[in-house]
Amino acid sequence: MVARITTGKSIRAMLHYNENKVTEGEATLIMASGFAGDIEQIKLHHKLNRFQHLLDLKPSVKTNAVHISLNFHSGEKINGEKLQQIAASYMEKIGFGEQPFLVYRHHDAAHTHIHIVTTNIDRTAERIDLHDIGRLRSEPARKAIEEEFRLVKAQSKELKQHPGIKKVEAQKVAYGRLPTKRAISNVLTAVLRDYRFTSLAEYNAVLKCFNVMAFRGGEHTEMFAKKGLMYTVIEDGRPIGMPIKASAFYTKPTLRNLEELYEKKQQQRKPHREAVKERIDGIFQSYYTISQNRFVQEAKLRGLEVTFRQNEKGQVFGVTFVDHQSRCVFNGSDLGKAYSAKGLGERLSAHTRSRNPSLQQSRGSSVADELMRENSPSQHAQPSFLELALAKTQSEQGIGVPKRKKRRKQQQELTQ
């Protein structure tokens with residue numbers, strides 16, 4: 001079992017994230033501890049009011065929302081009753097047994113996993129200490145529960161062989177599949193909670209993995225001057241539908257709020273920097289020469305999304321790595337000169353030649369195909385909306401807001 005605890009300032013956002021999943025058929029509420037009435041009869045406003053009552057007892061505490069996910073081995077089939085027992089035992093062991101909490105079973109990944117929403121303000125108006133709760137309370141609780149319920153252990157070799165243990169919460173937005181605002185909100189809540197980024201460009205690098213983009217508007221617009229931020233669904237790098245203001249979402253992912261997160265997230269991603277570099281180096285070690293396209297493919301197999309940024313002339317001037325394993329985002333230059341756009345350009349080749357002949361055949365095409373892709377006109381086309389938003393220098397300067405198309409007046413009206 002793998003446990004992950006995140007804290008925040010909006011119980012409403014955490015609750016809405018899970019409730020949206022229920023509405024979409026991707027989650028089920030399986031337990032409501034500390035709530036009166038049958039679980040099927042508890043309405044959203046009852047859940048909010050129950051938590052809000054406790055929050056009002058200690059309004060000085062800003063970080064008062066707790067979201068926990070418990071993830072199980074992909075080979076374990078656990079029924080609802082056992083998940084309830086595990087959730088209750090875990091909450092008791094970390095000191096939240098007397099707190100009201102909601103348990104949702106999510107169905108959006110190959111492995112069994114549950115999400116728990118609660119608050120750290122108790123009924124006596126005291127704050128439950130969250131400092132180092134993962135190491136001091138969650139880890140001992142996890143190990144005890146693995147023994148108690150005979151679960152696959154998180155530190156076992158058997159578990160590490162199955163990548164299905166990773167939770168996948170932010171699902172790709174399919175435009176038109178569900179209301180746009182709710183779809184974007186689901187992605188924003190998961191990305192803000194789980195990923196570490198230090199700039200708007202890095203933030204966008206993650207969002208684009210789920211077909212969402214944030215943009216500031218043109219540099220000389222009032223929106224840009226006031227640090228406005230809007231979100232839109234993208235398809236093939238282009239925005240579709242009307243954008244939505246950041247302030248309209250429960251998580252309030254405004255530019256000012258994002259900037260407050262950058263320093264904290266920069267510290268959180270430091271321990272993962274070397275591991276990302278090792279995985280990148282591992283790609284180069286598998287090939288005598290490797291093309292840019294093949295490099296991107298190989299990185300994806302290792303849980304890394306790579307985005308090369310181009311200017312108007314089609315020249316690569318930057319690269320961003322999104323690590324879905326550690327949930328960290330790095331500009332290439334932050335990893336070192338060898339991982340910057342220039343450094344990678346010197347290490348990449350026009351074609352691919354593997355050190356393992358069988359790998360060459362199973363994962364790629366011929367040298368001719370590689371060269372055709374490398375020199376295709378699309379590689380040197382004008383940068384798309386997505387490329388501009390991902391560009392560190394461009395995204396901080398602003399992207400133009402998509403405008404509504406005005407209907408042309410009929411010729412009769414023009415002549416009158």
Side-chain angles (χ1 to χ4, degrees), residues 1-7 11 14-15 17-22 25-44 46-47 50-51 54 65-123 128-130 132-156 158-160 162 164-169 193-194:
M1 184 181 84
V2 173
R4 180 178 176 83
I5 300 177
T6 54
T7 59
I11 194 78
M14 293 180 179
L15 188 55
Y17 171 74
N18 286 280
E19 289 291 319
N20 284 345
K21 288 288 187 180
V22 172
E26 295 183 344
T28 306
L29 179 64
I30 64 172
M31 187 175 182
S33 180
F35 289 79
D38 295 334
I39 191 171
E40 296 83 4
Q41 304 301 320
I42 305 176
K43 304 298 183 183
L44 176 58
H46 293 144
K47 299 168 186 174
R50 180 71 177 94
F51 288 125
L54 295 176
V66 181
H67 187 278
I68 302 166
S69 68
L70 302 181
N71 304 266
F72 305 90
H73 183 256
S74 57
E76 292 178 309
K77 305 303 178 184
I78 308 174
N79 60 37
E81 182 179 356
K82 188 173 181 180
L83 287 175
Q84 292 173 343
Q85 296 171 355
I86 291 173
S89 178
Y90 176 83
M91 295 299 278
E92 184 69 35
K93 286 177 170 58
I94 67 170
F96 280 76
E98 298 298 319
Q99 293 296 96
F101 60 87
L102 298 169
V103 183
Y104 297 84
R105 179 173 187 167
H106 284 222
H107 314 296
D108 55 359
H111 65 284
T112 300
H113 61 296
I114 59 177
H115 292 243
I116 305 172
V117 179
T118 187
T119 177
N120 61 320
I121 307 300
D122 66 21
R123 60 188 177 184
I128 299 176
D129 187 18
L130 298 175
D132 214 4
I133 186 174
R135 182 178 64 86
L136 298 178
R137 281 176 276 171
S138 180
E139 274 298 285
R142 174 186 64 76
K143 293 176 181 179
I145 288 174
E146 288 173 345
E147 295 291 343
E148 180 183 353
F149 293 93
R150 298 182 179 180
L151 302 174
V152 175
K153 296 181 180 180
Q155 295 176 332
S156 70
E158 181 181 357
L159 180 61
K160 291 179 180 179
H162 294 272
I165 192 66
K166 302 185 186 74
K167 64 186 175 70
V168 181
E169 294 181 344
R193 184 182 67 234
D194 294 341

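- The environment of E98 atom CD is sparse: at most 12 non-hydrogen atoms of other residues, nucleotides or ligands sit within 6.0 angstrom.
- Residues E81 and Q85 form a side-chain contact, since some pair of their non-hydrogen atoms from C-beta on lies under 4.5 Å apart.
- Here the CZ atom belonging to F72 is positioned 4.0 Å from the CD1 atom belonging to I86, to the nearest 0.5 angstrom.
- In this structure K43 satisfies the side chain to side chain contact (heavy atoms under 4.5 Å, CB included) test together with H45, H46, sequence neighbours excluded.
- The minimum heavy-atom distance linking F101 with A88 is given by the pair CZ-CA, 4.4 Å.
- Looking at heavy atoms from C-beta onward, R4 lies out of side-chain contact with H67 at the 4.5 angstrom threshold.
- The aromatic rings of H106 and H113 lie tilted to each other, with the angle between the two planes from 30° to 60°.
- The two residues I94 and R137 come nearest to each other via the heavy atoms O-NH1, 3.1 Å.
- Atom NZ of K153 and atom NZ of K143 lie 10.0 Å apart (nearest 0.5 Å).
- With values rounded to the nearest 0.5 angstrom, I116 atom CD1 is found 5.0 Å from M91 atom CE.
- Taking CG of L130 as the start and OG1 of T6 as the end, the distance is 10.5 Å to the nearest 0.5 Å.
- A pairwise comparison of heavy atoms in E19 and L44 identifies CG-CD1, 3.8 Å as the closest pair.
- With sequence neighbours excluded, the residues that form a side chain to side chain contact (heavy atoms under 4.5 Å, CB included) with D122 are Q99, T124, E126.
- Across all their heavy atoms, R105 and N79 have their closest contact at NH1-C, 3.9 Å.
- Rounded to the nearest 0.5 angstrom, N71 CG and H111 NE2 are separated by 4.0 Å.
- When each of I128, I68, I5 is paired with I133, the side-chain contact (heavy atoms from CB on, under 4.5 Å) condition holds for I5 and for no other.
- A heavy-atom distance below 4.5 Å is not found between the side chains of V117 and Y17.
- A salt bridge links E146 with R142: the distance from a Lys NZ or Arg NE/NH1/NH2 to an Asp or Glu carboxylate oxygen falls below 4.0 Å.
- In terms of modelled atom types and a separation under 3.5 Å, the side chain of E76 and the main chain of V152 share a donor-acceptor contact.
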Please list every donor-acceptor pair under 3.5 Å in which a side-chain atom of residues 28-40 meets a protein atom from a residue at least two apart or in another chain.
| from | atom 1 | to | atom 2 | distance (Å) |
| --- | --- | --- | --- | --- |
| T28 | OG1 | H107 | NE2 | 2.9 |

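- A side-chain contact (heavy atoms from CB on, under 4.5 Å) with T118 is found for exactly one of I11, V66, V103, L102, namely V66.
- Here the straight-line distance linking atom CG of L15 with atom OG1 of T119 works out to 12.0 Å at 0.5 Å rounding.
- Of all the heavy atoms in F51 and P100, the pair that sits closest is CE2-O, 3.4 Å.
- Pairing each heavy atom of N120 with each of A65, the nearest pair is OD1-N, 4.1 Å.
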